[in-house]
Enquirer: 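Here you go, one structure.
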Amino acid sequence: MRLRTWAAGLATALLTLALFPASAQADTDPGPPLETPVAELAKGLHCPTDQPDTGKPTVLFIPGTGFKGEEPYAWNYMAELKKTGYPSCWVDYPGRGLRDMQETVEYVVYATRTVHERTGRKVDLVGHSQGGLQAAWALRFWPDLAAKVDDVVTLGAPFQGTSIGSACLPLSQVTGCPAASLQFARHSNWTRALTANGTPMPAGPSYTSIYSLADESVVIDGEPSVLPGARNIGVQDICPGRAWPSHMGLVVDLVSYELAADAIGHSGPADPGRIDRADCATLLMPLNTEEAVKTLPSLLSLPLDVLIHSRPWVREEPPLRPYAR
C-alpha cells in the first residue's frame, strides 16, 4: 500500500512539473538578487495615477540610451495605445542609461515585477534601442519574469552591437568612454552573453524584434540586428526599398508602430500580414501635440544632462557579473 501511494504521489509530482514547468521554475529560481536598494529602484518606475482599469495589460516602456522613460514615448506610443485602452508605465535609468547596463537592468526587473504585482496581469515590454536590450537581458537572466510578461517588443535594439559602440573602443584608452558604450560594441562580452551563441529567449513571452535597414546606428555591413528566438521583422519586409525609418525614426514611424501595436493586441508576436501595405506611403504615426509640448523642456535639456550624467567614463568594458558568465 505504501509503495502504491508513493508511486501515485511521484506520478502526480511529475505530471505537475510537466504541465507547469515555467511557473515551477519561476517559483524556485527568481534569478540573481538585485544589488540596488529597493528605494532607488522604486524611483525609476513611473505609472500615471489617472489611468482607468480597462482589463488590458499595462505596457511598460523602456527608453534608449540618454533618454528618460517618457521622453521618446509619451507623445506617440503612449498616447495612441491609451486610445485603445492600454495603460502605460515607464522606466527611468540611473545616469540616463550611460552607466554599466548590468546596473541599469535592475530597474527594468524591479519595474516589471512591480507592475505585474500591482495589476495582477502580465506586462507588455516595449523598448527602443538600449531599451530592447534591457528587456531581453532581464528575461534572459531572471527566470521568474517569463511568467509575468506577455509580449516583448523591441525597436532598433542592437543585439549584435553598434557601430557607435565600436567607434568608442579606440578612444577608451585615451579619454575613456561611458560604460554602456563599450558594452554596445560588436563582440563585447555583454553582447555575447545576451545573444548566448544563438540560444533562443526563454519560453513564455512572445518576442517581436522590429528593425529598419535604414538604421544608421544598428545595421552594420548591411546585416540587421536580430534576437534569437524572436520574430525579427524589418520595416523593409513590408515596405521594400524604403529609406526610412532611421534609428530615432523608429519611435515615430507608422509601420513600426503598427507592428508593435499588432504584437500587443494579438496573441503571439506581430504578424506582418496584418499590416496594410498602403501605410508605407505614410511616414509618421499620429503624434499628440499636447504631450509633445509637455516633453519638450526635458528633451531640450537632454544634451547637457547626458554630458553630466555620463560620468565617470571608463577605459574598459565592465566585467560580467557572475550570473552572466
Enquirer: Do C280 and I238 come close enough that some side-chain heavy atom pair is under 4.5 Å?
Expert: yes

Enquirer: Less than 6.0 Å separating the ring centroids of Y110 and W142?
Expert: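 No, they do not, as the ring centres are separated by 6.0 Å or more.
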
Enquirer: Checking Y73 side chain against I62 main chain: does a donor-acceptor pair fall under 3.5 Å?
Expert: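 Side chain of Y73 to backbone of I62: a pair is present.
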
Enquirer: Side-chain donor-acceptor pair under 3.5 Å between S212 and Q236, yes or no?
Expert: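 The answer is yes; a qualifying pair exists.
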
Enquirer: Between the main-chain N or O of L287 and the side-chain N or O of N76, is there a donor-acceptor pair closer than 3.5 Å?
Expert: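 Not a single qualifying donor-acceptor pair exists.
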
Enquirer: State plainly whether one hydrophobic cluster holds both L213 and M248, where clusters connect Ile, Leu, Val, Met, Phe, Trp and Tyr through side-chain heavy atoms under 4.5 angstrom apart.
Expert: no

Enquirer: Any Lys/Arg nitrogen of D53 or R121 sitting under 4.0 Å from an Asp/Glu carboxylate oxygen of the other?
Expert: yes

Enquirer: Rounded to the nearest 0.5 Å, how far apart are CG of D271 and NE2 of H266?
Expert: 8.5 Å

Enquirer: Side chains of V153 and V59, heavy atoms from C-beta outward: is any pair under 4.5 Å?
Expert: no

Enquirer: Can you tell me how far NE2 of H187 sits from OG1 of T195, rounded to the nearest 0.5 angstrom?
Expert: 10.5 Å

Enquirer: Are the aromatic rings of Y93 and Y107 close, with centres under 6.0 Å apart?
Expert: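 No, they do not, as the ring centres are separated by 6.0 Å or more.
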
Enquirer: Might you confirm whether atom NZ of K122 has over 12 heavy atoms from other residues, nucleotides or ligands at distances under 6.0 Å?
Expert: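 It does: K122 NZ has more than 12 such atoms within range.
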
Enquirer: State yes or no: do V218 and M101 share one hydrophobic cluster built from I, L, V, M, F, W and Y residues joined by side-chain heavy-atom distances below 4.5 Å, directly or via other members?
Expert: no

Enquirer: Answer yes or no: is there a donor N or O on one side and an acceptor on the other, between the side chain of D215 and the main chain of P245, under 3.5 Å?
Expert: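 Looks like no, no N/O pair under 3.5 Å.
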
Enquirer: Counting N and O atoms only, with roles assigned by atom type, does the side chain of T84 sit under 3.5 Å from a partner on the main chain of L81, one being a donor and the other an acceptor?
Expert: yes

Enquirer: Would you say W313 and F184 are hydrophobically clustered, going by side-chain heavy atoms of ILVMFWY under 4.5 Å?
Expert: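 Result: no, two separate clusters.
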
Enquirer: If the test is side-chain contact (heavy atoms from CB on, under 4.5 Å), which one of L250, D237, V235 qualifies with Y211?
Expert: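 For Y211, the side-chain contact (heavy atoms from CB on, under 4.5 Å) check succeeds only for D237.
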
Enquirer: Run the side-chain contact (heavy atoms from CB on, under 4.5 Å) test on W75 and V252 for me, step by step, so that the C-alpha distance in whole Å, both residues' side-chain angles and the decisive distance to 0.1 Å come before the verdict.
Expert: CA-CA 9 Å; W75 42 283; V252 293; 3.5 Å; yes

Enquirer: Is K82 close to S88 at the side-chain level, that is, under 4.5 Å between some pair of heavy atoms?
Expert: no

Enquirer: How long is the span from the CZ atom in R113 to the CG atom in L145, to the nearest 0.5 Å?
Expert: 5.5 Å

Enquirer: Look at the side chain of R231 and the backbone N and O of A270, then say whether any donor-acceptor pair between them is shorter than 3.5 Å.
Expert: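 Yes.
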
Enquirer: Indicate yes or no: does R321 engage E35 in a salt bridge with an N to O separation below 4.0 Å.
Expert: yes

Enquirer: As an exercise, state the distance from CG of L34 to CD of E103, rounded to the nearest 0.5 Å.
Expert: 12.0 Å

Enquirer: Do L194 and V226 sit in the same hydrophobic cluster, where Ile, Leu, Val, Met, Phe, Trp and Tyr count as joined when their side-chain heavy atoms come under 4.5 Å apart?
Expert: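 Not linked; separate clusters.
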
Enquirer: Could you go through Y257 and L284, starting from their C-alpha distance and side-chain angles, then the distance that decides it, and tell me whether this counts as side-chain contact (heavy atoms from CB on, under 4.5 Å)?
Expert: CA-CA 9 Å; Y257 170 75; L284 299 180; over 6 Å; no

Enquirer: Do T199 and P228 come within less than 4.5 Å of each other through their side chains, counting heavy atoms only?
Expert: no

Enquirer: Using atom types as modelled and distance alone, determine if a side-chain donor or acceptor of Q102 lies under 3.5 Å from a backbone N or O of P319.
Expert: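 Checking the backbone N and O of P319 against the side chain of Q102, a donor-acceptor pair under 3.5 Å is found.
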
Enquirer: Which class fits the ring pair F141 and W137: parallel under 30°, tilted 30 to 60°, perpendicular over 60°?
Expert: tilted

Enquirer: With rounding to the nearest 0.5 Å, note down the distance linking CD1 in I264 to CG in L125.
Expert: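 Between atom CD1 of I264 and atom CG of L125 there are 9.5 Å.
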
Enquirer: Listing request: all ring pair (Phe, Tyr, Trp, His ring centres under 6.0 Å) pairs with a residue in residues 38-59, at least two apart in sequence or in separate chains.
Expert: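 Applying ring pair (Phe, Tyr, Trp, His ring centres under 6.0 Å) to every pair that reaches into residues 38-59, excluding sequence neighbours, yields H46-W90.
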
Enquirer: Test side-chain contact (heavy atoms from CB on, under 4.5 Å) on C47 and T58; report intermediate values, then the result.
Expert: CA-CA 10 Å; C47 299; T58 297; 5.6 Å; no

Enquirer: Distance check, rounded to the nearest 0.5 Å: C239 atom SG versus D279 atom CG?
Expert: 8.0 Å

Enquirer: Closest approach of G132 and T154, non-hydrogen atoms and distance?
Expert: CA-CG2, 3.6 Å

Enquirer: Kindly indicate whether the side chain of Y77, heavy atoms from C-beta on, has any atom under 4.5 Å from the side chain of S256.
Expert: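 Yes - at least one pair of side-chain heavy atoms lies under 4.5 Å apart.
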
Enquirer: Under the side-chain contact (heavy atoms from CB on, under 4.5 Å) criterion, do K294 and E70 qualify, and how do the steps go?
Expert: CA-CA 10 Å; K294 290 180 183 177; E70 64 179 335; over 6 Å; no

Enquirer: Is it true that a side-chain atom of E291 and a backbone atom of A79 form a donor plus acceptor pair closer than 3.5 Å?
Expert: no

Enquirer: Which heavy atom of P87 sits nearest a heavy atom of T54, and at what distance?
Expert: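 Scanning both residues, the minimum pair turns out to be CD-OG1, 4.1 Å.
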
Enquirer: Of V126, I233, L259, which is the lone residue that meets side-chain contact (heavy atoms from CB on, under 4.5 Å) with T208?
Expert: I233

Enquirer: Above 12 or not: heavy atoms from other molecules or residues under 6.0 Å from CD of E216?
Expert: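 Atom CD in E216 is crowded, with more than 12 foreign heavy atoms closer than 6.0 Å.
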
Enquirer: Is there a side-chain contact between N288 and M78 in this structure, where contact means two heavy atoms from C-beta onward sitting under 4.5 Å apart?
Expert: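 Not touching, per the 4.5 Å side-chain cut-off.
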
Enquirer: Any donor and acceptor pair, going by atom type alone, linking the side chain of E317 with main-chain N or O of W190 inside 3.5 Å?
Expert: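 Looks like yes, one N/O pair under 3.5 Å.
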
Enquirer: Say whether, by atom type as modelled, one donor and one acceptor occur between the side chain of E106 and the main chain of T36 under 3.5 angstrom.
Expert: yes

Enquirer: Measuring only between side-chain heavy atoms, which start at C-beta, is L300 closer than 4.5 Å to L296?
Expert: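 Of all side-chain heavy-atom pairs linking L296 with L300, at least one is under 4.5 Å.
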
Enquirer: Does this structure show an ion pair linking E71 with R96, if we count only N-O contacts that are shorter than 4.0 Å?
Expert: yes

Enquirer: If I compare all heavy atoms of A111 with all of L60, which pair ends up nearest, and what's the gap?
Expert: CB-CD2, 3.8 Å

Enquirer: So do the side chains of S209 and F159 get within less than 4.5 Å of each other, counting heavy atoms only?
Expert: yes

Enquirer: Just one of D144, D150, D151 clears the salt bridge (Lys or Arg N to Asp or Glu O under 4.0 Å) bar with K148, so which one?
Expert: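 Among the candidates, only D144 passes.
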
Enquirer: Looking at P178 and V314, what are the two nearest heavy atoms and their distance?
Expert: C-CG2, 4.5 Å

Enquirer: Could you check whether any side-chain N or O of Q183 sits under 3.5 Å from a backbone N or O of S188, counting only pairs where one atom can act as donor and the other as acceptor?
Expert: no

Enquirer: Write down the atom of A157, the atom of L133, and the distance for their closest heavy-atom approach.
Expert: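 Closest approach of A157 to L133: CB-N, 4.1 Å.
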
Enquirer: Compare every heavy atom of M201 with every heavy atom of A136, then report the nearest pair and how far apart it is.
Expert: O-CE, 3.1 Å

